[in-house]
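What follows is a set of notes on a single structure, which appears directly below.
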Amino acid sequence: MRISTRSRYGLRLMTNLAANHSRGYALLRDIAKEEDISEKYLSQIVIPLRRAGFLTASRGINGGYMLSSPPSNITAGQIVEMLEGDLCVIECSKDASGGICARAGNCSSRELWDGLSAKIRDFLNSVTLEELARSRLEKEQQMLEYSI
């Protein structure tokens with residue numbers, strides 16, 4: 001299983017919004033500049049995030065994007081799963097009926113892959129945007145202290 005650039009950038013976008021949650025709406029071009037990500041690419045990522053209810057958008061002079069919920073209520077797993085789809089490490093784990101693989105019912109390694117998929121899902125769901133934002137702010141503070 002590989003996490004796509006779409007999910008990595010989506011998580012960076014959401015962490016940026018979480019770190020600046022108290023400031024209200026943020027412009028996509030400002031986030032793109034801060035994160036060194038193409039604004040055009042971010043504009044494609046915000047569409048499904050907004051549709052899924054993670055983001056709120058506002059037009060106008062003070063408009064932009066912000067989180068729809070507090071950062072403590074959104075997990076990395078929710079974001080990655082929404083952008084990636086199912087977080088199974090192998091295709092046959094997605095299909096309980098055995099339609100993808102005729103050996104699914106008696107496969108000795110399927111439990112291993114199912115267990116690994118569950119561990120990945122559990123880990124990603126155990127990390128909130130609030131925690132990622134806090135870690136980001138701590139790292140930024142360390143860089144400031146180091147450069148002084």
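Since the structure is predicted, the reported quantities are computational estimates derived from the model, not experimental observations.
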- Treat each ILVMFWY residue as a node, draw an edge where side-chain heavy atoms are under 4.5 Å apart, and state whether Ile31 and Met66 are in one component. no
- Item | Single hit among Arg136, Glu35, Arg134 for side-chain contact (heavy atoms from CB on, under 4.5 Å) with Thr15 | Arg136
- Distance-minimising heavy-atom pair for Ile90 and Trp113: CD1-CD1, 3.1 Å
- Note on the structure: In this structure, CG of Leu87 is separated from CD1 of Ile3 (nearest 0.5 Å) by 6.0 Å
- Query: Do Ser68 and Thr56 get their side chains close enough for a donor-acceptor pair, meaning under 3.5 Å?
  - Reply: yes
- Task: Applying side chain to side chain contact (heavy atoms under 4.5 Å, CB included), run through Leu67 and Phe54 and close with a yes or a no.
- Result: CA-CA 6 Å; Leu67 300 178; Phe54 292 116; 5.9 Å; no
- Message: Quick check: do Ser4 and Glu84 have side-chain heavy atoms less than 4.5 Å from each other?
- Response: yes
- Taking all heavy atoms of Leu49 and all of Met82, pick out the closest pair and write down the distance. CD2-CE, 3.2 Å
- Query: Could you give the distance from CZ (Arg12) to CD (Glu34), rounded to the nearest 0.5 Å?
  - Reply: 11.0 Å
- Rounded to the nearest 0.5 Å, what separation is found between the OG atom of Ser58 and the OH atom of Tyr65? 10.5 Å
- Query: Out of Ile45, Leu83, Leu129, which one pairs with Leu11 under the side-chain contact (heavy atoms from CB on, under 4.5 Å) rule?
  - Reply: Leu129
- Message: Assigning hydrophobic clusters by single linkage (Ile, Leu, Val, Met, Phe, Trp, Tyr; side-chain heavy-atom cutoff under 4.5 Å), is Ile47 placed with Ile79?
- Response: no
- Do other residues, nucleotides or ligands put more than 12 heavy atoms under 6.0 Å from Asp36 CG? no
- Item | Expected output: side-chain Thr128 to main-chain Thr75 donor-acceptor under 3.5 Å | no
- Message: Please check: side-chain N/O of Ser135 versus main-chain N/O of Leu132, any donor-acceptor pairing under 3.5 Å?
- Response: no
- Query: Can you hop from Ile74 to Leu137 via hydrophobic side chains spaced under 4.5 Å?
  - Reply: no
- Task: Give, for atom CG of Leu42 and atom CD1 of Ile37, the distance between the pair rounded to the nearest 0.5 Å.
- Result: 5.0 Å
- Message: Is any side-chain heavy atom of His21 closer than 4.5 Å to one of Leu17?
- Response: no
- Given the rule that I, L, V, M, F, W and Y join up when any side-chain heavy atoms are under 4.5 Å apart, are Tyr25 and Met14 in one cluster? no
- Could you tell me whether the side chain of Asn73 and the main chain of Ser69 form a donor-acceptor pair under 3.5 Å? no
- Do the side chain of Asn125 and the main chain of Arg121 share a donor and acceptor less than 3.5 angstrom apart? yes
- Does Tyr9 have its ring centroid less than 6.0 Å away from the ring centroid of Tyr41? yes
- Rounded to the nearest 0.5 Å, the CG atom of Asp122 sits from the OG atom of Ser117 at a distance of 10.5 Å
- Item | Atom pair CD (Glu39) and NZ (Lys33), whose distance is rounded to the nearest 0.5 Å | 11.5 Å
- What closest approach, in Å, do Ser38 and Ala32 show between heavy atoms, and which atom pair accounts for it? C-CB, 4.3 Å
